[in-house]
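First up is the structure itself, then whatever we jot down about it.
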Amino acid sequence: MRPMRILWTVNIPLPAASEALGLAKTPFGGWLSTMTERLGKVPGVQLGVVMRAPVEAMRAVDVAGIRYYALPQTGKGGLDARPEDCARVLADFKPDLLHAEGSEMAYTRRMLHAWHGPRLLSLQGVINGYEPFELGGLRPGRMLASLRPRRALVALALLLNKRLRFDPRLRGERDTVAMAGHVMGRTPWDRAQAWALNPAARYHHCSRTLREPFYSLRWQAAGCDRHAIFIGNAASPRKGGHVALEAIALLCREFPAVKLVVAGERPHRKGIRGWMGYPGYLLDRIDELGLAGRVEFTGLLDAQAMAQRMARCHVYAMTSLIENSPNTLGEAMMLGMPCVSAYAGGTPGMARDEHEALFYRAEDPAGLAHQVKRLFDSEALCERLGEAAHARAARTHDADANLADLLAAYRDILAAEPAR
């Protein structure tokens with residue numbers, strides 16, 4: 001029987017191919033590596049992966065039975081690829097189905113436009129759904145009227161970044177989703193977004209498979225860093241880092257050792273972004289709230305180090321104002337951590353309030369602080385929520401079940417819309 005030829009498009013170089021291509025490995029997109037590597041081992045499947053990469057010319061390498069294509073990054077911000085490179089990949093691999101990961105980049109739209117056979121688009125974030133929350137609830141008008149010149153500059157920078165860099169991508173995403181005959185997602189929120197953007201597309205459900213270290217490690221109350229709160233990202237206002245800081249300021253009244261652990265690089269005041277952007281704003285808020293010494297930025301961590309650092313914390317908090325299915329929430333649940341989450345986007349589809357997590361209204365630092373306080377005050381509540389979270393995550397992120405769902409979607413699509 002002829003193998004099913006599936007071509008994935010992804011927006012970052014995957015670690016499995018980076019060494020062969022002479023590229024630096026990054027810790028991003030772990031779910032992409034996990035699923036492609038498993039898919040590449042399935043009998044009867046021939047897998048190709050095409051990636052935007054910092055290369056001068058198109059390159060192709062074969063690693064563990066998967067053919068990887070690295071395309072030069074072009075266009076504004078390096079978010080696009082040359083049409084002729086996309087055509088060369090399609091002519092070389094001759095896919096039966098094109099599976100595009102993520103709707104946000106011009107490169108994804110370029111690949112979908114070049115391919116006239118069956119198209120499956122997997123939703124990651126949906127920036128048209130994120131747009132109302134992009135400024136993280138910050139109030140630029142009030143900030144511009146501030147007597148602090150740098151606060152006014154931060155507001156101006158946030159508004160310009162949204163107007164000039166974020167907003168122009170919205171139409172492109174709408175066009176991308178409209179080109180897909182099939183859409184894959186995993187939460188009620190992304191199903192609603194898919195329907196809003198392309199009601200004619202058929203929706204397929206497939207949950208994420210997490211990075212391996214999160215399946216083998218478990219959180220233990222006895223060994224954790226008491227009163228340490230872990231959040232997965234504070235790189236932009238939408239991630240709610242400023243909300244977490246205000247919650248810490250409330251909690252330190254009752255818990256003198258309270259600490260915020262933030263995954264990612266430490267903000268700095270170097271350059272324009274450091275003085276005028278969101279990272280500089282976070283540093284200002286740390287000083288204003290008297291939180292110096294209470295906030296740790298971990299730097300970039302690989303999967304093993306991330307799992308270990310997360311598991312040493314007392315509580316995990318998902319503070320974003322909007323997310324589809326935040327990977328760090330799934331990872332914390334898999335570890336069996338007590339979790340607090342903003343009621344935002346797809347998170348209610350990942351856990352139930354008071355059962356597998358404690359929820360609060362996004363943008364409400366008092367609500368976040370109070371839910372964390374409940375966990376600090378009750379080891380029994382931590383244990384109950386953590387056990388339930390692990391059980392829920394073990395079902396949601398079952399690697400074998402997710403691979404079976406993905407293969408079933410491919411077969412359904414190709415049965416209804418054979419390759420041309």
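For this chain, numbers begin at 1 and follow the sequence in order.
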- Message: Going by the rule ring pair (Phe, Tyr, Trp, His ring centres under 6.0 Å), which residues pair with Tyr215 if we only count those two or more places apart in sequence or in a different chain?
- Response: none
- Message: Is a donor from one side chain sitting under 3.5 angstrom from an acceptor on the other, for Tyr203 and His182?
- Response: no
- Task: Using side chain to side chain donor-acceptor pair (under 3.5 Å) as the criterion, list what pairs up with Glu296, not counting sequence neighbours.
- Result: Lys259, Arg309
- Message: Under a 4.0 Å threshold between the charged nitrogen and the carboxylate oxygen, would Arg67 count as salt-bridged to Asp62?
- Response: yes
- Message: Tell me whether Asn198 contacts the main-chain N or O of Ala194 through its side chain, where contact means a donor paired with an acceptor under 3.5 Å.
- Response: no
- Message: Contact between Thr347 and Trp189 at the side-chain level, heavy atoms closer than 4.5 Å - yes or no?
- Response: no
- Task: Identify whether the distance between the nearest side-chain nitrogen and carboxylate oxygen of Arg392 and Glu356 falls below 4.0 Å.
- Result: yes
- Message: Enumerate the ring-ring contact (aromatic ring centres under 6.0 Å, His included) contacts for residues 295-339, please, sequence neighbours excluded, ordered by first and then second residue.
- Response: His227-His314, His314-Phe376
- Query: Which distance, rounded to the nearest 0.5 Å, do you find between the CG of Leu97 and the CE of Met4?
  - Reply: 8.5 Å
- Query: In this structure, which one of Glu134, Glu131, Glu363 forms a salt bridge (charged side-chain N to carboxylate O under 4.0 Å, His left out) with Arg238?
  - Reply: Glu134
- Note on the structure: The residue among Ser122, Ser325, Ser207 that forms side-chain hydrogen bond (donor to acceptor under 3.5 Å, both in side chains) with Arg186 is Ser325
- Item | Arg88: partners by side chain to side chain donor-acceptor pair (under 3.5 Å), with sequence neighbours left out | none
- Item | side chain to side chain contact (heavy atoms under 4.5 Å, CB included) between Val340 and Met318, intermediate numbers included | CA-CA 6 Å; Val340 175; Met318 203 302 292; over 6 Å; no
- Task: Please list all pairs passing the ring-ring contact (aromatic ring centres under 6.0 Å, His included) test where one or both residues lie in residues 89-113, with sequence neighbours left out.
- Result: Trp8-His99, His99-Tyr410
- With a 4.5 Å limit on heavy-atom distance, are the side chains of Ser341 and Leu329 in contact? yes
- Query: Under a 4.0 Å N-O cut-off, is there an ion pair linking Arg38 with Asp400?
  - Reply: yes
- Step by step, work out the salt bridge (charged side-chain N to carboxylate O under 4.0 Å, His left out) result for Arg151 and Glu288. CA-CA 12 Å; Arg151 186 62 50 82; Glu288 291 163 5; 2.4 Å; yes
- Charged N to carboxylate O below 4.0 Å: is that the case for Asp96 and Arg2? yes
- Item | Side-chain donor-acceptor pair present, Asn128, Arg174, cut-off under 3.5 Å | yes
- Salt bridge between Asp175 and Arg109, side-chain N to carboxylate O under 4.0 Å? no
- Query: Would you find a donor on one side and an acceptor on the other, under 3.5 Å apart, between the side chain of Arg119 and the backbone of Trp115?
  - Reply: yes
- Would you list the pairs meeting salt bridge (charged side-chain N to carboxylate O under 4.0 Å, His left out) in which at least one residue belongs to residues 311-326, sequence neighbours left out? Lys239-Glu323
- Task: Evaluate whether atom CD of Glu19 has more than 12 neighbouring non-hydrogen atoms of other residues, nucleotides or ligands under 6.0 angstrom away.
- Result: no
- Item | Closest non-hydrogen atom pair between Arg165 and Arg169, with its separation | O-CD, 3.3 Å
- Keeping the roles fixed (side chain from Asp85, backbone from Leu71), state whether a donor-acceptor pair exists under 3.5 Å. no
- Message: Side chains of Thr74 and Asp80 only: does a donor on one sit below 3.5 Å from an acceptor on the other?
- Response: no
- Result for side-chain contact (heavy atoms from CB on, under 4.5 Å) between Ile286 and one of Ile248, Leu245, Leu260 points to Leu245
- Message: Other residues, nucleotides and ligands only: do more than 12 of their heavy atoms fall within 6.0 Å of CD on Glu354?
- Response: yes
